[in-house]
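A quick write-up on the structure given underneath.
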Amino acid sequence: MIDFKDWSKLEIRIGKTVEAEKIENSDKLIKLQVDLGKEKRQIVAGIAEFFEVKDLIGKEIPILVNLEPRKLRGVESQGMILAADVDGKPVLLHPEKEVPAG
């Protein structure tokens with residue numbers, strides 16, 4: 001369990017996926033370019049088994065943006081997408097209606 005003070009440290013923004021591509025030599029990783037309004041971020045997500053890259057373009061998704069960058073297969077990830085787990089498969093979260101990036 002975490003307290004509210006720890007939870008309030010999380011910075012979550014809505015981003016719009018503008019590019020997506022599978023990472024070479026990986027069955028699971030996709031590299032996303034996400035527009036967060038005032039900036040673009042590169043996010044690496046282990047969702048390639050469940051989503052086609054073409055279907056991710058234009059999606060609005062919540063991004064946890066204040067994580068320390070991390071390299072996966074040599075590719076830097078500058079945040080984390082938020083998704084629900086349903087029977088071991090990710091379900092992307094998204095706003096009820098279109099909202100401005102950021």
Closest non-hydrogen atom pair between D6 and D3, with its separation: N-OD1, 2.9 Å
Inter- and intrachain pairs under salt bridge (charged side-chain N to carboxylate O under 4.0 Å, His left out), touching residues 36-64, at least two apart: R13-E39, E39-R41
Whether S8 side chain and K5 backbone form a donor-acceptor pair below 3.5 Å: yes
Taking every non-hydrogen atom, the tightest pair across I57 and A20: CD1-N, 3.4 Å
Hydrophobic cluster membership, F51 vs I61, 4.5 Å side-chain cutoff: yes
Pairs of donor and acceptor atoms involving the side chains of residues 62-75, under 3.5 Å and at least two apart or interchain, shall be tabulated with distances.
residue, atom, partner, partner atom, Å
N66, OD1, E11, N, 2.9
N66, ND2, K9, O, 2.5
R73, NH1, N25, O, 2.4

Exam field: side chain T17 to backbone E19, donor-acceptor pair closer than 3.5 Å: no
For residues 81-102, dump all side-chain donor-acceptor pairs below 3.5 Å to protein atoms at least two apart in sequence or in another chain.
residue, atom, partner, partner atom, Å
D85, OD1, G88, N, 2.8

Distance-only polar pair, side chains of Q33 and Q42, donor-acceptor under 3.5 Å: yes
Heavy-atom closest contact (S26 atom, K22 atom, distance): O-CE, 4.2 Å
Gap between atom CD of E21 and atom CG of L32 - 0.5 Å precision: 9.5 Å
Residues I23, I30; criterion side-chain contact (heavy atoms from CB on, under 4.5 Å); working and verdict: CA-CA 6 Å; I23 292 181; I30 292 179; over 6 Å; no
Rounded distance [0.5 Å steps], CG in L29 versus CD1 in I47: 10.0 Å
Hydrophobic cluster membership, V53 vs F50, 4.5 Å side-chain cutoff: yes
